[in-house]
Amino acid sequence: MTNGLLPNDYDIPSASNSLFFRLQKGENKFRILDTPLTGYVWFENTIDGLKPQRCRDSADIPTGTEKPKHFWFMPVAVDDEIKLLEITQKTVLNELAILDRSPVWGNLSNYEVIVTRSGEGLDTKYSVTPCPKSANKMEAQYVDFRKGYKPDNLFSGLSVVADKVTSNDGLPF
């Protein structure tokens, strides 16, 4: 018997059910699983509110577009789950690129990184720390994930994951 409209055993799903991962305040530890899809993103006002618009090349950004940002979009392993992450913060992108090109660290998929986010608003700062190289324990799971992963759909507005129902968590992608 319930006192309200909802059953007594109803639980609100946690944010961890989302397929998308956002950089939260504090430490964010993840492993990049594949080559990032790169492009540019900006937001336009529509009847439904702000909607992201994306293109691959800067030459394809419409004239007059305000604040387009370069992005990396990629699958990552976070807490034994595969998530999708879009990074637009230049500080993070620059530090990840430096690690990937480093003769000591090399390929970003060979180790986890910790992106630390501190501050708020215009005072937000990011730092990137590599973790010791280790085996990728999500490799088999990622092989299955790739079967339905359609990264090029990001530019057409279609779902980047086929045959998978995801929660609407308010993310713009």
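For reference, positions follow the sequence shown, starting with 1. What you see is a predicted model, and the numbers here were worked out from it, not measured in a lab. Reckoned from all heavy atoms, side chains included, excluding hydrogens, waters and symmetry mates.
- For the residue pair T116 and E27, the shortest heavy atom distance occurs at OG1-CG, 3.8 Å.
- Summarising the geometry, atom CG belonging to L19 is positioned 4.5 Å from atom CG belonging to L84; distances are rounded to the nearest 0.5 Å.
- Evaluation of the side chain to side chain donor-acceptor pair (under 3.5 Å) rule for Y111 yields no partner, not counting sequence neighbours.
- Residue D79 qualifies as open at atom CG: its count of foreign heavy atoms under 6.0 Å is 12 or below.
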TODO: Please assess M74 against T35 for the test side chain to side chain contact (heavy atoms under 4.5 Å, CB included), listing each intermediate value before the final yes or no.
DONE: CA-CA 7 Å; M74 66 221 140; T35 303; over 6 Å; no
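- The CZ atom of R117 lies 8.0 Å from the CG atom of N28; values are rounded to the nearest 0.5 Å.
- Put simply, W42 and I87 are part of two different groups of oily side chains (I, L, V, M, F, W, Y) that touch within less than 4.5 Å, one to the next.
- The shortest non-hydrogen separation linking D34 to P75 is CB-CG, 3.9 Å.
- Taking every heavy atom of both residues into account, S127 and E95 meet most closely at C-OE1, 4.0 Å.
- The hydrophobic cluster containing I61 does not contain F43, counting ILVMFWY residues as joined when their side-chain heavy atoms lie under 4.5 angstrom apart, directly or transitively.
- Of all heavy-atom pairs between L96 and L108, the closest is O-CD1, 3.7 Å.
- Within the structure, salt bridge (charged side-chain N to carboxylate O under 4.0 Å, His left out) contacts touching residues 38-49 (residues at least two apart or in different chains) do not occur.
- Atom OH of residue Y126 and atom OG1 of residue T91 lie 8.5 Å apart, to the nearest 0.5 angstrom.
- By the 30° and 60° cut-offs, the orientation of the rings of Y149 relative to F73 is parallel.
- For R146, the CZ atom sits in a loose shell: 12 or fewer heavy atoms of surrounding residues, nucleotides or ligands are nearer than 6.0 Å.
- Side-chain polar atoms of Y40 and D60 form no donor-acceptor pair below 3.5 angstrom.
- Between the side chain of K69 and the main chain of Q89, no donor-acceptor pair closer than 3.5 Å is present.
- Scanning all heavy atoms of the two residues, the minimum distance from V41 to P52 falls at CG2-CB, 4.0 Å.
- Contact of the L37 side chain with the R56 side chain is registered, since non-hydrogen atoms from C-beta on lie closer than 4.5 Å.
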Task: Residues V161, F145; criterion side chain to side chain contact (heavy atoms under 4.5 Å, CB included); working and verdict - done: CA-CA 9 Å; V161 181; F145 178 86; 4.3 Å; yes
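- Within 6.0 Å of the NZ atom in K90, the count of heavy atoms belonging to other residues, nucleotides or ligands does not exceed 12.
- Both V104 and L99 belong to a common hydrophobic cluster when Ile, Leu, Val, Met, Phe, Trp and Tyr are linked at side-chain heavy-atom distances under 4.5 angstrom.
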TODO: Just do the side chain to side chain contact (heavy atoms under 4.5 Å, CB included) check on K25 and T124 with the steps written out, would you?
DONE: CA-CA 9 Å; K25 196 170 190 177; T124 302; over 6 Å; no
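- Between L23 atom CG and F21 atom CZ the span is 6.0 Å, to the nearest 0.5 Å.
- In terms of modelled atom types and a separation under 3.5 Å, the side chain of T65 and the main chain of P68 share no donor-acceptor contact.
- Considering all non-hydrogen atoms of both residues, S109 and R31 come closest at O-NH1, 2.8 Å.
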Task: Criterion side chain to side chain contact (heavy atoms under 4.5 Å, CB included) on N136 and Q141, from CA distance to verdict - done: CA-CA 10 Å; N136 181 356; Q141 204 174 340; over 6 Å; no
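- Rounding to the nearest 0.5 Å gives a distance of 7.5 Å between OG1 of T46 and CG of L50.
- With values rounded to the nearest 0.5 angstrom, F71 atom CZ is found 10.0 Å from T88 atom OG1.
- Side-chain contact between H70 and L93 is present, with at least one heavy-atom pair separated by less than 4.5 Å.
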